[in-house]
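Indexing begins at 1, ligand by ligand and atom by atom, following the structure's order. In what follows, residues are counted from 1 in the order of the sequence shown.
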Amino acid sequence: MYRIAPSILSADFARLGEEVSAVIAAGADYIHFDVMDNHYVPNLTFGAMVCRALKPYAGDTPIDVHLMVEPVDDMIAAFADAGANIISFHPEASRHIDRSLSLIHEKNVQAALALNPATPLNILENVMDKLDMILLMSVNPGFGGQKFIPAMRAKIRRLRQICDMHEQQTGRHIPIEVDGGVNSNNISELVADGAEIFVAGSAIFGQKDYAQAISALKQGCLKG
Ligand code: DX5
Ligand code: ZN
């Protein structure tokens with residue numbers, strides 16, 4: 001039920017393919033792929049060509065693409081064609097949120113919105129039917145290795161209530177993914193708050209033994 005999504009933002013960029021294989025062998029459930037454009041966020045990472053090159057290393061493990069780019073629509077098509085399985089984007093970066101979500105589904109890819117710490121939850125209200133996941137940022141996007149913002153715990157709980165209500169009405173479960181500052185010390189609290197998917201960059205790639213790091217996170221989940 002709980003899934004760990006290592007963010008390759010904290011991997012060794014000179015050996016990305018090997019790093020992807022290594023975290024999958026170590027128990028990763030998803031590969032989290034942070035796309036930054038030095039426009040929507042003050043940092044620059046990798047594009048769809050790198051995603052396409054890494055796809056064979058990911059094998060059957062879903063690639064969870066987190067777009068921190070503006071505008072988003074062209075990148076949605078490019079990443080869908082490059083093998084993305086889930087695509088998240090930030091509502092502030094799209095002129096037409098509903099249209100961007102539909103573009104993702106037209107490519108048979110799962111769609112998610114990524115909400116910054118200060119972005120209110122009511123932005124979700126009219127598009128719940130189109131969301132396969134919701135990504136809650138627990139740091140401001142742009143960099144790995146930042147500290148979890150404590151106020152995000154209450155936001156996870158509020159979002160869980162909204163998603164549970166949606167599930168009662170429609171029978172559709174929408175998982176919450178938490179991204180930023182997740183580690184083996186705080187993950188059980190985030191499980192208790194209602195999150196199910198956890199992005200972890202520095203908490204995994206900052207350790208020598210990836211299997212041990214992922215198993216510590218999974219063990220933390222079971223305590224939540
Ligand atoms: C931040 C990225 C995160 C980041 C997480 O903009 O979206 O995915 O890599 O890194 P850690 O786990 O180190 O906070
Ligand atoms: Zn991310």
Are there more than 12 heavy atoms of other residues, nucleotides or ligands under 6.0 Å from atom CE of Met68?
-> yes

Ring geometry between Tyr210 and Phe205 (parallel below 30°, tilted from 30 to 60°, perpendicular above 60°) = perpendicular

Sorted by chain and number, the residues that approach ligand 1 to under 4.0 Å with a heavy atom = Ser7, Leu9, His32, Asp34, Met36, His66, Met68, Met137, Pro141, Gly142, Phe143, Gly144, Gly145, Asp179, Gly180, Gly181, Val199, Ala200, Gly201, Ser202

Is Asp29 reaching over with its side chain to a backbone N or O of Ile4, donor-acceptor style, under 3.5 angstrom?
-> yes

If you look at Asp179, which of its N/O/S atoms is nearest to the Zn ion (ligand 2)?
-> OD2

Determine the minimum heavy-atom distance between Ala195 and Tyr2, stating which atoms define it.
-> O-CE2, 3.7 Å

Please check if atom OH in Tyr57 has more than 12 non-hydrogen atoms from other residues, nucleotides or ligands closer than 6.0 Å.
-> no

Should we count CG of Asp98 as having more than 12 external heavy atoms under 6.0 Å?
-> yes

For the Zn ion (ligand 2), what is the closest N, O or S atom on His66?
-> ND1

Identity of the N, O or S atom of Asp34 lying closest to the Zn ion (ligand 2) | OD1

Any side-chain donor paired with an acceptor under 3.5 Å for Asp34 and His32?
-> yes

